[in-house]
Chemist: 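Supplied in C-alpha cells, the structure appears directly below.
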Amino acid sequence: MADPSSYRPRPGEIPDSPGVYRFRDDHRRVIYVGKAKSLRQRLSSYFQDISGLHPRTATMVTTAASVEWTMVSTEVEALQLEYSWIKEFDPRFNVKYRDDKSYPSLAVTMNEEFPRAQVMRGPKRKGVRYFGPYGHAWAIRETVDLLLRVFPIRTCSAGVFKRATAVGRPCLLGYIDKCSAPCTGRVTAEEHRELAEDFCDFMAGRTGTYLRRLEERMREAAEELEYERAGRLRDDIEALKRAMEKNAVVLADATDADLIALAEDELEAAVQIFHVRGGRVRGQRGWVTDKVEQVTTADLVESALQQLYGEERGDSVPKEVLVPALPEPAEPVAEWLTEHRGARVSLRVPQRGDKKDLMATVQRNAEQALVLHKTKRASDLTTRSRALEEIAEALALDSAPLRIECFDISHLQGDDVVASMVVFEDGLARKSEYRRFQIKSFAGQDDVRAMHEVISRRFRRYLRERERTGEWAVEERDPDQERGPDDDGIEITPSPRDEDGRPKRFAYPPQLVVVDGGQPQVAAARRALDELGIDDVAVCGLAKRLEEVWLPGEDDPVILPRTSEGLYLLQRARDEAHRFAIRYQRGKRSQSIRRGPLDAVPGLGETRTKALLKHFGSVKRLRAATIEEICEVPGVGRRTAETVAAVLAQDSRPAPTVNTATGEIIED
C-alpha cells in the first residue's frame, strides 16, 4: 500500500486549467481516469487526509503510485479524451456499466448489394442500420414477419442466397410473397434497396406518411374496380397497423427521445433506458454497475451517456435525452452529444406532463432491476465465496485463490497438438484472459511433455512482464526470452505498449494453477514452475475418472465431497478449459482438411489465392495456364506467377488408375 504523499506533485506543478488525469499503480497500469474543469483543484482533493476520503477513493489513492495529466482547451475535449482513455485502458477503479445481457437489435445490412433484415447482437458495424434494442429476439421476428408482407426484403443468410441464385429458384419466402426474391432476378438490386429503405423509414417512426400513401393507393384501386389489388393493399395496411400496435404510444407529440433512470445504493447502481422513437417505445435495456469510486447521481448519468453514445453517430443519438439529474456542468455534455448527432441535442430533466410520467415508469424499472440483481448476486457471492474457501482449505492455501488458471491439452491421435488456458477470477470465468497455445517443441502424443511446455511458456511470459515493469530484474536471462513475441505460438491479440499502462497479456499471476490430469501432469506443471524459480503459485490436478484432486509430491489424492462447491468450481474450470482446447483443435483440423495445392505456394496469401481461383475457375485450369496468363490476374507479379506454376507442376502427378469393378489399383 503506497503513501499518497510519496507521489504527490509539488505545489505549482498542477495547472489550473481543464484536463484529464490518470492514476497508475507501481506496475504502470492505469487504474483510474478522470476529468476536471480545474486540474489543480480536483487533484488536490485526492491528497488530503486519507481518513477524510471516501473508502473507495482511499483505496484508489493508496493503490496508485503516480499521477499524470493532460491539459485540453475545453471541457468537451476533456470529455472526449476521458471516454477514449477509459475505453483504451479499462481502469479498475472507474465506473463500468455492464449489460445484464446482450440485447438484440433489428439490423438492416445496407452495406450489402442486397440488404438483409436480421437479428444482431454485439458491437455495431459500419453501414448497418439498427433498430432497438429489444428485450427478446422473438419480438423482433414477430415484427419483421408482419412487415415482410408490405416490405418483402431479403432475410436469408448468405449461403441460402447463393444457393438460390445458383439453382435459379427462390426459397419458400419467395413463393409466399414474403420476399421479393432478388436472388432469382425477380427485382433488381435498385428496386430491392428501395424496399429496404422504405422498411427502415417505417421502423424509424415515419409511419404516418407511408400509411396515408397506401390508403390513397387502395382507394384508387377500388375506384378503378381493381378489387383484388385493393384487397391486398387493405391487408398490407392492417399488417402495418398490427406491427405498430406492438409498440405502445407513450408520447403524443411523436417525440424522438431516450429516457434514462437510475436506482442506486451505496455499493451499486442500476440504469434503465427507454428508447422512444416517433412517440413509441422502440427498445429498452438495463445496466448494473459497482460503485468503485465516490460518485453522485450526476456523475453516474454522465458515465451512462458516455457508454450509450460514445460510439454512436447520426440518428442513433436522439434529439432529446431525458435524465434524472444533469451532469455538472451540463453544457459540455450537451455539446458533445450534439457533435455526435450532427444536430442539436436537448439534455434536460423532465418537470411535468407525459415525459415526467414516463420517466417515473423507467425509474420503477430501474428499481426493480436493482432488487433482482442484488437478490441474484447475494446468492452468487455467497456460493462463490464458499467455493473459494473450500478450495483453500482442501489444498492448504494461505488465502482463497482469487485467480485460478486451468490448462488442458488436446490433439487427434498426436496430430495438431494444442493447449488452452482459461481464467477464473472471484469464481467467475474471465473470457478476455483466455489463451491458446500451439505445441511446437515436439511432434506426437505426449500430454505430460506438452503440459510442461505450456506452463513454462506461460510463466516465462509472466517473468518477462515483471522484468519489463521494473518490479524486479532477472539476473540470468532465459535464451527463450530473446525470441519475438509471437515465437511461442500463443494465439493472442497484439499486445499494447506496456509502458503506457494498457492491459498486458501475462502480467497477473494466478494463486492456483489447475491442470486437467493426474499425478504425471501435476508433476510436470510443478517442475516447470520450479525451473523458473516460482514458488508462490499453488498447483493441483483434477482427474476425470473419479474427480480426484492431486497435489505435487503426494501419493494419495484429495477427495472433495461430491456436493462441495469447491469441487464444482474446479470442475467448471476444467470443463471450460477442455471446451476451449477442443474448439481450437477442431478449428486447426478443419483448416488442414481445407488446405489445397495453392496453400503450399510460399508468400501467396488468402486474397491472391481467391483472385486466382476466381479468374481461372479451378486449380485444374490454373495448372494448365501459362506464366503470362497467370500474370494477368490483378495483384500477381511474374515472380509469384513463376512460383505458382512451379508448385502446381510438382503437384501434377497423375492419380493412379482404379478398376471401378474390383477397386484394384492398375499399375503401369
Chemist: Pair Ile260, Phe274 - check side chain to side chain contact (heavy atoms under 4.5 Å, CB included), show working.
Modeler: CA-CA 7 Å; Ile260 303 172; Phe274 275 23; over 6 Å; no

Chemist: Under a 3.5 Å threshold, yes or no: a donor from one side chain and an acceptor from the other, between Arg8 and Ser5?
Modeler: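 Ser5 and Arg8 do not have a side-chain donor-acceptor pair below 3.5 Å.
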
Chemist: Under 6.0 Å from the ring centre and within 45 degrees of the ring axis: does the NZ or CZ of Arg42 meet both conditions for the six-membered ring of Tyr46?
Modeler: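 Ring-cation test returns no.
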
Chemist: Any chance you could lay out the side chain to side chain contact (heavy atoms under 4.5 Å, CB included) test for Tyr130 and Leu106, step after step, and finish with the verdict?
Modeler: CA-CA 6 Å; Tyr130 291 87; Leu106 170 59; over 6 Å; no

Chemist: For Trp69, is the NZ or CZ atom of Arg22 found under 6.0 angstrom from the centre of its six-membered ring and inside 45 degrees of the ring axis?
Modeler: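 No, a cation-pi geometry is absent between Arg22 and Trp69.
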
Chemist: For the backbone of Arg430 and the side chain of Glu433, can you confirm whether one donor and one acceptor N or O come within less than 3.5 Å of each other?
Modeler: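 Looks like no, no N/O pair under 3.5 Å.
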
Chemist: Could you name each residue pair satisfying side-chain hydrogen bond (donor to acceptor under 3.5 Å, both in side chains) that touches residues 525-534, not counting sequence neighbours?
Modeler: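 Matches after skipping sequence neighbours: His452-Glu531, Arg526-Asp530.
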
Chemist: Is a side-chain donor-acceptor pair under 3.5 Å present for Glu268 with Thr289?
Modeler: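 Side chains of Thr289 and Glu268: no pair found under 3.5 Å.
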
Chemist: I'd like to know if the side chain of Gln511 reaches the main chain of Arg403, judged simply by a donor and an acceptor atom lying under 3.5 Å from each other, with no hydrogens or angles considered.
Modeler: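 Checking the backbone N and O of Arg403 against the side chain of Gln511, a donor-acceptor pair under 3.5 Å is found.
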
Chemist: Any chance the side chains of Gln306 and Glu82 put a donor and an acceptor closer than 3.5 Å?
Modeler: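 Judged by distance alone, the side chains do pair up.
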
Chemist: With the side chain counted from C-beta on, respond yes when Leu463 and Leu532 share a heavy-atom pair under 4.5 Å apart, and no when they do not.
Modeler: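 Heavy-atom side-chain distance check passes, below 4.5 Å.
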
Chemist: Quick check against the 3.5 Å criterion: does Ser105 have a side-chain atom that pairs as donor or acceptor with the backbone of Ala107?
Modeler: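 Side chain of Ser105 to backbone of Ala107, a donor-acceptor pair under 3.5 Å: no, none is there.
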
Chemist: With side chain to side chain contact (heavy atoms under 4.5 Å, CB included) as the test, would you mind laying out the steps for Glu547 and Arg574 before giving the verdict?
Modeler: CA-CA 11 Å; Glu547 303 295 352; Arg574 188 267 316 278; 3.1 Å; yes

Chemist: Going by heavy atoms in the side chains, are Phe407 and Val514 under 4.5 Å from each other?
Modeler: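 No; the side chains remain at least 4.5 Å from each other.
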
Chemist: Is a donor on one side and an acceptor on the other found under 3.5 Å between the side chain of Glu302 and the backbone of Pro327?
Modeler: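 Checking the backbone N and O of Pro327 against the side chain of Glu302, no donor-acceptor pair under 3.5 Å is found.
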
